[in-house]
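Read through the structure below, which is laid out as structure tokens, and then see the notes.
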Amino acid sequence: MVLFTGGRLRVHLDIQVGEHANNYPEIAAKDKLTELQLRARQLLDQVEQIQKEQDYQRYREERFRLTSESTNQRVLWWSITQTVILILTGIWQMRHLKSFFEAKKLV
């Protein structure tokens, strides 16, 4: 009803991700784990989280490398195109000037 009366609606989200999302005392009570077993489970969860982060960083590095190579290739072709256009313009200017001077009978 608050939405229809022109009032404000406030939403609060509390999201926990990774190893912080696990409630280890609750897990220990449910599975009847000793302190050593609980600590081993925490370490395994941390290792899994580190492995996921490394995989994500590898993926990001691969995407960045592909983007860099693509940009490098575009810059190369753009510079080759500019060079060809510059050479063609120079050739056209020389021919145009030559025909101009021949028309004026200066050459």
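When a residue number appears, it is its place in the shown sequence, counting from 1.
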Note to self: Tell me every residue that passes side chain to side chain donor-acceptor pair (under 3.5 Å) with R95, counting only those two or more places apart in sequence or in another chain.
What the structure shows: none
Notebook entry, point to check: Would you say S70's side chain and L66's backbone share a donor-acceptor pair under 3.5 angstrom?
Noted result: no
Output the distance between atom [atom1] ([X]) and atom [atom2] ([Y]), rounded to the nearest 0.5 Å.
{"X": "E69", "Y": "F64", "atom1": "CD", "atom2": "CZ", "answer": "11.0 Å"}
{"X": "R65", "Y": "R63", "atom1": "CZ", "atom2": "CZ", "answer": "11.5 Å"}
{"X": "I50", "Y": "D45", "atom1": "CD1", "atom2": "CG", "answer": "11.0 Å"}
{"X": "T83", "Y": "L88", "atom1": "OG1", "atom2": "CG", "answer": "11.0 Å"}
{"X": "L76", "Y": "T81", "atom1": "CG", "atom2": "OG1", "answer": "9.0 Å"}

Notebook entry, point to check: Taking NZ, NE, NH1 and NH2 as the nitrogens, is one of them in R58 or D55 under 4.0 Å from a carboxylate oxygen of the other?
Noted result: yes
Check: Does atom CD of Q73 have more than 12 heavy-atom neighbours, drawn from other residues, nucleotides or ligands, at distances under 6.0 Å?
Finding: no
Notebook entry, point to check: Just checking, is any N or O donor in the side chain of E53 or Q57 under 3.5 Å from an acceptor N or O on the other one?
Noted result: yes
Next item on the list: Kindly indicate, with the supporting measurements, whether the criterion side chain to side chain contact (heavy atoms under 4.5 Å, CB included) is fulfilled by L97 and M94.
Entry: CA-CA 5 Å; L97 282 173; M94 287 189 305; 6.0 Å; no
